[in-house]
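The next block holds one structure in the form of structure tokens; read it before the comments.
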Amino acid sequence: IYCFLVGCLAALAIISSTYSVVQTHRSPTVAELQEFENNSDVLLVKNQQKIITKSRESAVQVISASAEQHVAMQSGTYITFLGRHFVLTTNHGIIGNCELTKIYISHTDELVDCGRFIELNAEIDYAIIEIREIKDRKAIELPADMPRKHKQWKESFAIMNRLFYTGYPNSTGPLTVSGEAAGYSDGDFLYAISYAWSGSSGAGVFSQQGHYIGYVLAVDVGEGVIGQPAALENVVLIVPAFRISWEAALGLPPLEEVPEAEDTAN
């Protein structure tokens, strides 16, 4: 009996120890890993954690289909302006009408309808889409989340200033990427040493100071072997937010007052 009890106690000790090890080394769930607050409190300063959270909470994917059943996917930023709700993205990824354009919220696997196109600007390459409020996403506020003064804009584009954006390169994401401001071109584009790929276009870019300063447009193109063009995935073109005109949104009735049948009129 004594040996039996000793054996039982030893077995219980082993089981308890094993359980403790398993609990200590428990792998996190996918949901825990995808939490917006899952930013490093060791490698990042607190200000960077806030910026990344803001970037991730406002990131959406824009899906646009054409009548010929072609589909384009790109990134976008959820924005509030004048108490209304918008998504800002690039124009080159809008290939269909509003009815065939959807906003995908990956966190909840939800598709949000396009309410109406406010502006499709082919010259600067941006699209402003008005939508109804997304309850579980946190929009950035304009103009509060943008640089407000000349000095703040200059600091945002200063060489080697840290930049962050969250997007859907290769339709994967949301992925958050950092980089550094590398220079400003005569064409009014900011160049950054970062990373982008097809699907990153339209992602909102945030400065080290926490301001929304623009959106990802494209990667630079250089000359490859035998003179063939080659994409430079680490040289990213960013359109400054001050180039976006919101005048088209002024004077329009709130989307809630527009009949459903008229939402896609543009």
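Not measured: the values here are computed from a predicted model.
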Quick one: do [X] and [Y] end up in the same hydrophobic cluster if we chain Ile, Leu, Val, Met, Phe, Trp and Tyr together by side-chain heavy atoms under 4.5 Å apart?
X	Y	value
I128	I238	yes
V60	L111	no
V216	I124	yes
W197	V205	yes
I244	L250	yes

For the residue pair [X] and [Y], establish whether any side-chain heavy-atom pair is separated by less than 4.5 Å.
X	Y	answer
Y126	T89	no
T80	L142	no
S178	R162	yes
F81	E141	no
F117	I129	yes
I63	V71	yes
M73	V62	no
P147	I213	yes

Atom pair [atom1] ([X]) and [atom2] ([Y]), whose distance is rounded to the nearest 0.5 Å:
X	Y	atom1	atom2	result
Q209	L163	CD	CG	9.0 Å
K50	T53	NZ	OG1	10.0 Å
L175	S75	CG	OG	9.0 Å
I193	I159	CD1	CD1	9.5 Å

Discussion item. Suppose we screen for ring-ring contact (aromatic ring centres under 6.0 Å, His included). Which residues come up paired with F206, at least two apart in sequence or across chains?
Written reply: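 Testing F206 for ring-ring contact (aromatic ring centres under 6.0 Å, His included), a comparison that skips the adjacent residues, returns Y212.
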Discussion item. Applying ring-ring contact (aromatic ring centres under 6.0 Å, His included), can you list everything that pairs with F86, at least two apart in sequence or on another chain?
Written reply: W246
Any sub-3.5 Å donor-acceptor pair from [X]'s side-chain atoms to [Y]'s backbone N or O?
X	Y	result
E180	S194	no
T77	A203	no
N97	E99	yes
S201	L217	yes
S64	G96	yes

Discussion item. Walk me through whether N161 and S207 qualify under side-chain contact (heavy atoms from CB on, under 4.5 Å).
Written reply: CA-CA 7 Å; N161 188 26; S207 69; 3.9 Å; yes
Taking only residues two or more places apart in sequence, or in another chain, which ones meet [X] in a side-chain contact (heavy atoms from CB on, under 4.5 Å)?
X	value
N91	L120, A122, D125
T166	S55, R56, A59, P174, T176
I134	Y78, I105, V112, I131, D136, R137

Item to complete: Tell me yes or no: between the side chains of Q61 and S106, is some donor less than 3.5 Å from an acceptor?
Response: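 Absent: no donor and acceptor within the cut-off.
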Worksheet item: Going by distance alone, is a donor N or O of one side chain under 3.5 Å from an acceptor N or O of the other, for E119 and N121?
Response: yes
Worksheet item: How far apart are the C-alpha atoms of I140 and E57, what are their side-chain angles, what is the distance that settles it, and do they pass the side-chain contact (heavy atoms from CB on, under 4.5 Å) test?
Response: CA-CA 9 Å; I140 64 168; E57 288 181 335; over 6 Å; no
Going by the salt bridge (charged side-chain N to carboxylate O under 4.0 Å, His left out) test, which pairs reach into [range], not counting sequence neighbours?
range	answer
residues 191-204	none
residues 70-87	R84-E130
residues 106-115	K102-D113

Practice prompt. Report the C-alpha distance between M146 and H211 in whole Å, list the side-chain angles of each, state the deciding distance to 0.1 Å, and finish with yes or no for side-chain contact (heavy atoms from CB on, under 4.5 Å).
Written response: CA-CA 5 Å; M146 292 171 61; H211 295 130; 5.8 Å; no
Worksheet item: Please walk me through it: do V177 and Y165 pass side-chain contact (heavy atoms from CB on, under 4.5 Å)?
Response: CA-CA 6 Å; V177 182; Y165 80 83; 3.8 Å; yes
Worksheet item: Does D145 have any salt bridge (Lys or Arg N to Asp or Glu O under 4.0 Å) partners at least two apart in sequence or in another chain, and if so, which?
Response: K54
Discussion item. Looking at every non-hydrogen atom in both residues, tell me the closest pair between G76 and V87 and how far apart they are.
Written reply: CA-CG1, 4.3 Å
Discussion item. According to side-chain hydrogen bond (donor to acceptor under 3.5 Å, both in side chains), does anything in residues 147-160 pair up with another residue at least two apart or in another chain? List the pairs.
Written reply: none
Side-chain donor-acceptor contacts of residues 182-189 below 3.5 Å, not counting sequence neighbours, with atom names and distances?
from, atom 1, to, atom 2, distance (Å)
Y184, OH, D188, OD1, 2.9
S185, OG, G187, N, 3.3
S185, OG, F189, N, 3.3
S185, OG, F189, O, 3.4

Item to complete: Check which hydrophobic residues are tied to Y168 through side-chain heavy-atom contacts below 4.5 Å, counting indirect links as well, and list them.
Response: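 Via sub-4.5 Å side-chain contacts, Y168 links to none.
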